[in-house]
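Everything on this sheet refers to the single structure shown next.
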Number of protein chains: 2
Amino acid sequence: MKTRAKPTVDLMFRAFSDRTRLRILHMLTGGELCVCDIVAVLRVPQPKASRHLAYLRRAGLVTARKEGLWSYYELAPARDAFHKKLLDCLGCCFSEVPELAADAKQLAARRPC
Amino acid sequence: MKTRAKPTVDLMFRAFSDRTRLRILHMLTGGELCVCDIVAVLRVPQPKASRHLAYLRRAGLVTARKEGLWSYYELAPARDAFHKKLLDCLGCCFSEVPELAADAKQLAARRPC
DNA sequence: TTTTCATATTCGCTTAGGCAAATATAACCT
DNA sequence: AGGTTATATTTGCCTAAGCGAATATGAAAA
C-alpha cells in the first residue's frame, strides 16, 4: 500500500485554484459520485476529469473507491482545522462561480438514474 | 483611476497557493506593513517581495498606500462571504506552515523600530 | 479469449508563473 | 541638477500544469 505524506497547505490551495476542480469538489459536497457522473454533468472529456481527480487525490482532498468497472469519488474527511476551513470555502463559492448552480441542477436531474 | 474587475475565485485561491505569499498574507493579519518590513522578515530579495505583492494586489487581497518613498500594504477588507472564509484559512495555516511562527517572532522583534 | 466498457495515463504542445539579476521609476536630499 | 533610497518592472530561464488526442489498463461480458 502507498501511504502518502500529508499534502502541504499550498498544494491544497492550488487544488482549489482551478475552475474544473472547484466544480468537481462542489459536486462532491452532495456525496459520493462516480466518474461518469462528473463527466456527464461537467460536459468535459473523460481524460480531463480523470486528470483533475488525480490531482485532487494527490492533494488529499478526495478518496477513490473502485467497484467493478466504476470508480467512486468522495470528499476526504477534514484532517485538521485548516482542511475544514478550506472545505467551508466551497459553500461560499456558490454565488461567485456561475457554473456551480448549473452543475447542481444538472446533477439533481440525473439523480434518479 | 483604475477600478479593477472583481477577481475570480480561482485567482484568489491561487494567490494563496504559494509559500511566500502565504507568509506575506499572514504577516499582514497583524496590520499594515511596509515593503521593507516584509523583505527584512522573510529574508527575501526585494524584487521577489514586490512581485508577490503585485500578485496579491491583482487578486484583490491587499491594498497599497504610498507615503513618500515607502509603500504600505494591508489586507483588503473582505468583500463577500467567500473572501471572509478565505481569510479565515490564514489563521488555521499557522500550525501547518512552519515558517509562519518564525516570521511572527521576527516581526514582533522588529516592532519597536 | 475476444470484445466492450469505465477509467487512467501518456504525449506533444502551450501558457502561467516561479526565480535571480539587472534595470527603471519616483520621491526625497543636498 | 545630481545622488540616494525604497519600491517596481523587465529579462531570460526553467518547471508546473493546463489542454486534446491517442493509448493503456483492467474488469466484466459474450
Side-chain angles (χ1 to χ4, degrees), chain A residues 2 4 7-25 27-28 32-74 97 99 110 113, chain B residues 2 4 7-25 27-28 32-74 97 99 110 113:
Chain A
K2 46 176 174 179
R4 217 173 279 282
T8 59
V9 165
D10 39 299
L11 179 63
M12 295 178 73
F13 273 123
R14 188 164 298 240
F16 274 74
S17 75
D18 175 274
R19 290 272 182 144
T20 305
R21 287 195 296 264
L22 267 184
R23 293 172 73 191
I24 293 175
L25 288 166
M27 283 181 70
L28 292 177
E32 192 184 59
L33 290 175
C34 105
V35 177
C36 60
D37 291 323
I38 294 169
V39 166
V41 169
L42 301 190
R43 297 180 212 268
V44 114
Q46 173 269 316
K48 175 166 167 173
S50 279
R51 200 160 3 96
H52 284 295
L53 284 165
Y55 199 114
L56 292 172
R57 251 188 286 124
R58 272 179 264 126
L61 289 168
V62 304
T63 58
R65 175 175 72 86
K66 231 174 176 169
E67 191 173 319
L69 277 180
W70 294 270
S71 285
Y72 294 92
Y73 283 82
E74 67 178 344
V97 186
E99 295 96 319
R110 246 180 102 72
C113 304
Chain B
K2 47 176 174 181
R4 218 174 280 280
T8 59
V9 165
D10 39 299
L11 179 63
M12 295 177 73
F13 273 123
R14 187 161 301 237
F16 275 74
S17 76
D18 175 274
R19 290 273 182 143
T20 304
R21 288 195 294 264
L22 266 184
R23 293 171 72 192
I24 292 175
L25 288 167
M27 282 181 70
L28 292 177
E32 191 183 59
L33 290 176
C34 105
V35 177
C36 60
D37 290 323
I38 294 169
V39 166
V41 169
L42 302 191
R43 297 181 212 267
V44 112
Q46 173 269 316
K48 175 166 168 174
S50 278
R51 196 167 1 96
H52 285 295
L53 284 165
Y55 199 114
L56 292 172
R57 252 188 286 125
R58 271 179 264 126
L61 290 167
V62 304
T63 58
R65 174 175 72 84
K66 242 193 161 146
E67 191 174 318
L69 277 180
W70 292 271
S71 285
Y72 294 92
Y73 283 82
E74 67 178 342
V97 186
E99 295 96 317
R110 248 180 101 72
C113 304

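So that the names make sense, note that chain A is the first sequence line, chain B the second, and so on, each numbered from 1.
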Atom-to-atom span, [atom1] of [X] to [atom2] of [N] - whole angstrom:
X: A:Asp10; N: D:dA17; atom1: CG; atom2: P; value: 10 Å
X: B:Asp37; N: D:dA6; atom1: CG; atom2: P; value: 12 Å
X: A:Phe13; N: D:dA17; atom1: CZ; atom2: P; value: 16 Å
X: B:Leu42; N: C:dG18; atom1: CG; atom2: C1'; value: 16 Å
X: A:Lys48; N: C:dT9; atom1: NZ; atom2: C1'; value: 17 Å
X: B:Leu53; N: D:dA6; atom1: CG; atom2: C1'; value: 13 Å
X: B:Ile38; N: D:dA6; atom1: CD1; atom2: P; value: 15 Å

Listing, residues 41-52 of chain B side-chain donor-acceptor contacts under 3.5 Å, not counting sequence neighbours, or none:
from	atom 1	to	atom 2	distance (Å)
B:Gln46	NE2	B:Ser50	OG	3.2
B:His52	ND1	B:Arg21	NH1	3.2

For this session: Examine C:dA6: is either OP1 or OP2 under 4.0 Å from a nitrogen or oxygen in the side chain of A:Tyr73? Give yes or no.
Result: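 It does not, given that no N or O in the side chain of A:Tyr73 lies less than 4.0 Å from OP1 or OP2 of C:dA6.
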Exercise. Is the phosphate of C:dA8, meaning OP1 or OP2, less than 4.0 Å from a side-chain N or O of A:Ser71?
Worked result: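 Yes, A:Ser71 has a side-chain N/O under 4.0 Å of OP1/OP2 on C:dA8.
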Exercise. Can you name the side chain to side chain donor-acceptor pair (under 3.5 Å) partners of A:Ser71, sequence neighbours left out?
Worked result: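 Expected list: none.
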Problem set entry | Candidates D:dC19, C:dA20, D:dA22 - which lies nearest the side chain of A:Thr20 |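 Within the option list, the nearest is D:dC19.
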For this session: Can you see which heavy atom on B:Arg110 is nearest to which on B:Ala40, and at what distance?
Result: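 Minimum heavy-atom separation between B:Arg110 and B:Ala40: NH1-CB, 3.5 Å.
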Mind checking whether [X] and [Y] have side chains closer than 4.5 Å, heavy atoms only?
X: A:Leu61; Y: A:Leu28; result: no
X: A:Val62; Y: A:Leu25; result: yes
X: B:Tyr55; Y: B:Leu11; result: yes

For this session: Would you mind telling me which residue lines up with the more 5' stretch of DNA chain D, A:Gln46 or B:Val39, judged by nearest nucleotide?
Result: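 It is B:Val39, whose closest nucleotide lies nearer the 5' terminus.
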Exercise. When you check the side-chain N and O atoms of A:Tyr73 and A:Arg57, is any donor under 3.5 Å from an acceptor?
Worked result: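 The criterion, which ignores hydrogens and geometry beyond distance, is satisfied for A:Arg57 and A:Tyr73.
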Contact list (N/O, under 3.5 angstrom) for nucleotides 24-30 of chain C vs protein:
none

Exercise. Taking only residues two or more places apart in sequence or in another chain, which ones pass ring pair (Phe, Tyr, Trp, His ring centres under 6.0 Å) with B:Phe16?
Worked result: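 Expected list: A:Phe13.
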Name the pairs: protein N/O against N/O of nucleotides 11-17 of chain C, kept only if under 3.5 Å.
from	atom 1	to	atom 2	distance (Å)
C:dG17	OP1	B:Tyr55	OH	2.9

Problem set entry | Listed partners of A:Glu99 passing salt bridge (charged side-chain N to carboxylate O under 4.0 Å, His left out), at least two apart |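 Scan of A:Glu99 (salt bridge (charged side-chain N to carboxylate O under 4.0 Å, His left out), adjacent residues dropped) gives A:Arg19.
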